[in-house]
Each structure stands twice: as structure tokens, then as C-alpha cells.
*Asks:* 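My questions will all concern the structure given below.
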Amino acid sequence: MGEALMALPDLRDDKQSSQHETSSSPDSNDSMEHESSSISFDYVLIAPTSPAAKITESPLTYLNQGQSYQLKMKCSNLNKSVDVYFRSSVKICFFDRRLQHSENELLDDWKREHPTERILDIDERLSYGVNMVSKKPGIIHAFEVLWKCSEEPCLFVQVRCISTEFTPRKHGGEKGVPFRLQIDTFVNLDPLRHLHSAHCQVKVFKLKGADRKNKTDREKMERQKLKTKDLFQPPRDFTSLIEVRNECAWDELYSLPPLQSYDAVAKPPEGSPGEGSLSEPEMAPPKIDPPPPVMILPGTATPAQVNLWLHQQRFKQYSTALANFSGSDLLRMSRDDLMQICGAPDGIRLYNALRPRPPRPIMTLFLCQDSDIYHAVYLEVLTNHELTAKVAQLVNISPSQIAELYLIGPAAIHVIMSDEVVHNLPDSGRFAIDFVKDDTGDRFHVLFKAQVD
């Protein structure tokens with residue numbers, strides 16, 4: 001599997017003669033093949049396996065349509081003194097061989113019915129540990145990530161199609177087809193070389209169908225006789241992807257832009273001599289769309305307006321599930337309701353988007369001037385500059401017209417209102433403020449006197 005690692009120092013030494021000759025030399029490739037057996041990859045999908053899968057069958061995992069699931073990746077038995085980059089393609093394909101023969105036609109049919117959607121997607125906002133994410137518009141059932149061997153990436157993946165969409169009648173009354181969630185990993189060298197493939201069997205249901213199916217399977221197993229229970233696999237809280245060598249084919253996506261050069265993939269240990277030392281590649285950060293503008297959904301919104309709002313706020317994957325909801329329907333839903341429909345991450349995000357509000361201030365002060373009427377001042381930052389700006393705004397003058405702020409201390413002493421003093425003012429404190437002109441007569445000193453009951 002991760003064959004290039006021990007061969008890289010030899011490649012670095014030969015850099016001066018010819019990079020291209022080294023990358024394709026038989027000795028180098030033989031060394032890679034030899035080292036591949038010592039490296040292992042582990043992929044874990046954080047979703048429970050079904051208790052109703054027989055021991056003679058592949059483990060089966062139920063997923064909810066559009067819900068984000070963690071997919072953890074790890075490389076072990078590797079010399080961590082050399083930084084090697086891997087490319088992993090994550091894809092959804094068919095588990096049944098009879099459907100694999102017509103896979104391209106079935107995917108094209110789905111794409112025509114859902115022209116703006118992807119079958120498999122990644123939530124880049126929640127994912128971490130990857131250097132780059134690439135999605136080709138024409139490949140709707142796969143994406144690719146670039147990651148470093150010393151990292152343990154965590155991807156949040158979403159499957160947008162459901163298993164019954166590929167049955168003859170395409171409705172929920174039929175037994176849905178199983179999918180294969182597959183990861184193919186390559187070492188990011190020139191030439192790219194396939195290292196490892198693993199997969200798991202999944203079925204995808206609408207809304208909370210996966211949770212209901214797991215519950216039904218558990219109840220079914222509880223009714224089984226003790227003798228027959230040994231015929232079924234024990235359920236697990238997570239799904240380990242199984243390594244495969246021959247039974248599933250792998251694709252070469254390679255949609256990421258190439259690195260600057262072959263030897264830029266590895267970085268030698270610190271203190272390595274010389275002329276042949278390698279530099280770590282300058283990787284561009286993942287391209288993440290900027291957050292959409294905050295738009296409040298009115299309670300009078302029609303289902304069509306709700307659908308438009310969901311698209312604008314990046315919830316279009318739930319537009320089908322919420323197609324008949326009006327604005328008032330959505331606003332009445334609790335946080336738990338939305339988490340059941342959309343899953344925990346997107347449910348919380350949708351709940352917050354429906355009820356936008358500015359962040360709470362760090363400190364609130366109540367100020368009065370020559371009267372018993374107080375004005376609330378909200379401080380986002382506990383600094384002298386912030387308090388000066390708020391006081392100036394309160395009395396409609398420019399902050400430059402305020403020379404200094406003073407707190408009236410014990411024995412009527414004037415304490416300069418530094419950032420530290422502002423930080424230690426009591427929250428919800430009441431103060432009477434007085435404006436005193438300075439010696440120039442053009443600016444003011446503002447005196448804060450604490451009010452007590």
C-alpha cells in the first residue's frame with residue numbers, strides 16, 4: 001500500500017540527474033512494491049451496522065438521505081519522518097453486480113432528474129484534516145481529497161439519493177438497492193499509483209428512515225430464537241470499511257491540480273543535509289463558499305418562497321423533504337424536530353438560520369445624564385476605544401471630541417478608564433456621566449460615577 005515512502009530518499013538523491021528517469025526506473029518501482037505491504041489504511045464511517053445482517057453476507061449500514069456522517073481516515077505503519085501526500089477518491093456505486101453493468105446509464109438518468117444536485121457530497125465546513133477537496137461537475141457520485149500521511153482526516157459525507165430511486169417503480173414500497181461506499185487511495189507521486197481500496201454496503205432512506213429501520217431490525221432480532229441469533233452479525237456503533245483487492249474496480253479521478261514537481265511531495269527530516277533536500281509543497285486551502293447573507297424567513301412565506309429561501313441559505317438538499325412547509329410551519333418547529341429531519345449538524349444550522357439574532361454583548365452598562373432616565377450601552381469589546389465610541393454615539397458627538405474617560409473612584413479621585421478598568425466594570429452597572437470641557441475648550445472629559453441603591 002504506501003509504497004513510495006522508503007523509496008523517496010533514493011529519489012531525492014537522484015534528483016540532480018533526472019527526476020523523470022527516477023520516477024519511472026524499475027529499481028524505484030520495485031522498492032515501492034516492496035514497501036507497500038507494511039502500510040495499512042483504516043476507514044471508519046460513524047454509523048451503526050444493521051443487526052439483521054447474516055454472517056455470510058457483507059455488513060449493512062443504513063443512512064439517512066442528506067444527513068452528514070463522519071468518515072474517518074488513518075494511515076499507520078508509516079515512517080512519519082517523511083511527509084507523503086495521499087489522494088483518496090470517495091464514491092458511491094452499486095453493490096449488486098447486475099446494476100454495475102448499467103451504472104453509467106442509471107447515474108445519467110438520476111442526473112437528468114436532479115440537474116443541480118450531487119449523489120455524494122462533502123460538507124467542507126465541518127470536515128478537517130485535508131489539504132484540498134475537488135469535485136468535478138460531471139462526476140456527481142464521487143469527490144477527491146488530498147491529505148498528508150501524518151494527519152487523520154475526518155470527512156462529513158452526505159448521500160443525496162435514496163435506494164428506492166434505482167428500483168423499477170422508484171417508490172418507497174419496494175426493497176431499495178444497496179450501494180457501495182468505496183474509498184480508493186493513491187500515493188501522490190509521479191506517476192500516481194493505486195495503493196488501497198476499501199468499501200462498505202449501505203442503504204439510504206428518506207428523512208429518519210434509517211433510524212426506523214435499525215429499530216425494526218433490533219426488534220426483529222429480539223424475537224429470534226437463541227440458536228438462530230448465531231447466524232447474524234453482532235451490530236456495531238460504527239462501520240469499518242473492508243479492504244478489497246480484486247472484487248471492486250477503482251477509478252482514476254485525478255481532478256486536483258498537479259503539484260509543482262514530483263519531488264515536492266515529500267519533506268525530509270529536519271537537519272537533512274544538502275543540496276538534495278526537498279521542500280514541502282505549498283498547498284492551497286480548500287475553497288469554501290462564503291456564508292450566504294442572513295435573510296429572515298417571514299411566517300407568511302409560501303412553500304415556494306420557503307423553497308427559494310432554503311436554496312439561498314444552502315439547504316437545497318432538504319427542499320424535497322420540506323416541499324410542503326410554509327414559513328409558519330418551519331418557524332413552529334423545535335430544534336429537535338429539525339435535527340430529526342436534517343441530522344444534528346444541519347438541523348442546528350437550520351434552526352439558527354430560522355431565528356437569526358446578533359451575538360449577545362459581552363457587557364451592558366446603563367448610563368444617565370442629569371436625569372433619572374438611563375440609556376443601555378452594549379459593549380462587544382471591553383476596551384476604552386469601544387466605550388468611547390458608544391458614549392459619543394449616545395450624545396451625538398464625534399469620538400474625537402472626547403479627550404479622556406475617567407471613573408470616579410474612592411475619595412472622588414479620577415481614575416483613567418484604561419482597557420483593564422473597562423474589563424473590570426460590573427456588568428449591568430449603572431453610572432451617571434458628566435461632560436467637562438478640557439483646557440482647550442474643544443474636547444470633553446467624561447466622568448463616570450457609579451450609582452448605588
Side-chain angles (χ1 to χ4, degrees), residues 124-129 285-286 288-299 313-314 331-336 338-339 344-453:
E124 297 182 34
R125 299 170 299 103
L126 299 177
S127 303
Y128 57 87
I288 300 176
D289 295 334
V294 177
M295 299 175 61
I296 299 176
L297 179 70
Q313 300 300 307
R314 297 189 299 190
L331 292 170
R332 288 193 189 102
M333 298 183 75
S334 67
R335 180 178 175 184
D336 289 340
L338 294 172
M339 289 172 63
D346 282 345
I348 294 173
R349 191 166 67 89
L350 179 55
Y351 180 83
N352 292 334
L354 289 169
R355 297 161 179 82
R357 56 174 297 175
R360 296 181 64 85
I362 298 177
M363 179 182 290
T364 303
L365 300 178
F366 299 97
L367 308 182
C368 69
Q369 182 184 13
D370 301 330
S371 72
D372 294 332
I373 299 176
Y374 286 82
H375 299 271
V377 171
Y378 302 104
L379 300 182
E380 314 285 341
V381 184
L382 300 183
T383 62
N384 173 279
H385 181 270
E386 174 81 355
L387 183 55
T388 299
K390 295 290 186 179
V391 171
Q393 182 181 10
L394 186 64
V395 295
N396 295 320
I397 63 174
S398 170
S400 61
Q401 292 180 261
I402 297 179
E404 193 63 80
L405 304 180
Y406 294 97
L407 177 65
I408 304 300
I413 61 174
H414 291 187
V415 181
I416 296 176
M417 193 80 77
S418 64
D419 291 349
E420 188 175 1
V421 173
V422 174
H423 194 276
N424 285 281
L425 292 176
D427 189 24
S428 300
R430 295 182 295 125
F431 296 89
I433 58 175
D434 189 19
F435 289 80
V436 180
K437 288 188 175 182
D438 65 1
D439 296 336
T440 65
D442 298 328
R443 306 175 72 196
F444 296 94
H445 296 296
V446 184
L447 309 180
F448 282 70
K449 184 176 181 180
Q451 302 295 291
V452 294
D453 295 330

*Asks:* Do you see a donor-acceptor pair shorter than 3.5 Å between the side chains of Ser334 and Asp336?
*Replies:* no
*Asks:* side-chain contact (heavy atoms from CB on, under 4.5 Å) between Ile362 and Val381: does it pass, once the steps are laid out?
*Replies:* CA-CA 7 Å; Ile362 298 177; Val381 184; 5.6 Å; no
*Asks:* What is the minimum heavy-atom distance between Glu380 and Pro361, and which atoms define it?
*Replies:* OE1-CA, 4.3 Å
*Asks:* Could you tell me whether the side chain of Leu394 reaches within less than 4.5 Å of the side chain of Leu367, counting heavy atoms only?
*Replies:* yes
*Asks:* Where do Leu338 and Leu350 come nearest, in terms of heavy atoms and distance?
*Replies:* CD2-CD2, 3.8 Å
*Asks:* Return all side-chain donor-acceptor pairs below 3.5 angstrom for residues 407-429, not counting sequence neighbours, or 'none' if the list is empty.
*Replies:*
residue : atom : partner : partner atom : Å
Ser418  : OG   : Val421  : N            : 3.3
Asp419  : OD1  : Asn384  : N            : 2.7
Asn424  : ND2  : Glu420  : O            : 2.8
Asp427  : OD1  : Thr364  : N            : 2.8

*Asks:* Where is the tightest heavy-atom contact between Ala403 and Arg443, given as atom of each residue plus distance?
*Replies:* CA-NH2, 3.6 Å
*Asks:* With side-chain contact (heavy atoms from CB on, under 4.5 Å) as the criterion, how do Leu405 and Leu447 come out once you've worked through the C-alpha distance, each side chain's angles and the decisive distance to 0.1 Å?
*Replies:* CA-CA 6 Å; Leu405 304 180; Leu447 309 180; over 6 Å; no
*Asks:* Taking only residues two or more places apart in sequence, or in another chain, which ones meet Asp372 in a side-chain contact (heavy atoms from CB on, under 4.5 Å)?
*Replies:* none
*Asks:* Rounded to the nearest 0.5 Å, what separation is found between the CZ atom of Phe444 and the CG atom of Asp438?
*Replies:* 8.5 Å
*Asks:* Working to the nearest 0.5 angstrom, can you tell me the gap between Asn352 CG and Gln313 CD?
*Replies:* 12.0 Å
*Asks:* So which heavy atom on Ala392 is nearest to which on Ser398, and how close?
*Replies:* CB-C, 4.0 Å
*Asks:* Thr383 and Thr388: side-chain contact (heavy atoms from CB on, under 4.5 Å), yes or no, with the steps?
*Replies:* CA-CA 9 Å; Thr383 62; Thr388 299; over 6 Å; no
*Asks:* How about Met339 and Ile348: do any of their side-chain heavy atoms sit closer than 4.5 Å?
*Replies:* yes
*Asks:* Strictly below 4.0 Å, N to O, side chains only: are Arg125 and Asp346 in salt-bridge contact?
*Replies:* yes
*Asks:* Is the closest side-chain heavy-atom distance between Val395 and Gln369 below 4.5 Å?
*Replies:* yes
*Asks:* Hey, what do you get for NE2 (His375) to CD1 (Ile433), rounding to the nearest 0.5 Å?
*Replies:* 8.5 Å
*Asks:* When rounded to the nearest 0.5 angstrom, what distance separates CG in Leu365 from CZ in Phe448?
*Replies:* 7.5 Å
*Asks:* Within the supplied structure, the quantity of interest is the number of heavy atoms (other residues, nucleotides, ligands) at a distance under 6.0 Å from Gln393 CD; does it exceed 12?
*Replies:* no
*Asks:* Taking all atoms of both residues into account, what is the closest heavy-atom pair of Lys390 and Val377, and its distance?
*Replies:* CB-CG1, 3.4 Å
*Asks:* Report yes if some heavy atom in the side chain of Gln451 is under 4.5 Å from a heavy atom in the side chain of Tyr374; otherwise report no.
*Replies:* yes
*Asks:* Can you give me the closest heavy-atom contact between Pro345 and Leu126, atom names plus distance?
*Replies:* CB-CD1, 3.5 Å
*Asks:* Got a sec: does the OH of Tyr378 have more than 12 other heavy atoms crowding it under 6.0 Å?
*Replies:* no
*Asks:* Can Val391 and Phe435 be said to form a side-chain contact (heavy atoms from CB on, under 4.5 Å), step by step?
*Replies:* CA-CA 11 Å; Val391 171; Phe435 289 80; 3.9 Å; yes
*Asks:* Going by heavy atoms in the side chains, are Glu404 and Val446 under 4.5 Å from each other?
*Replies:* no
*Asks:* What about the rings of His445 and Tyr406, do their centers lie closer together than 6.0 Å?
*Replies:* yes
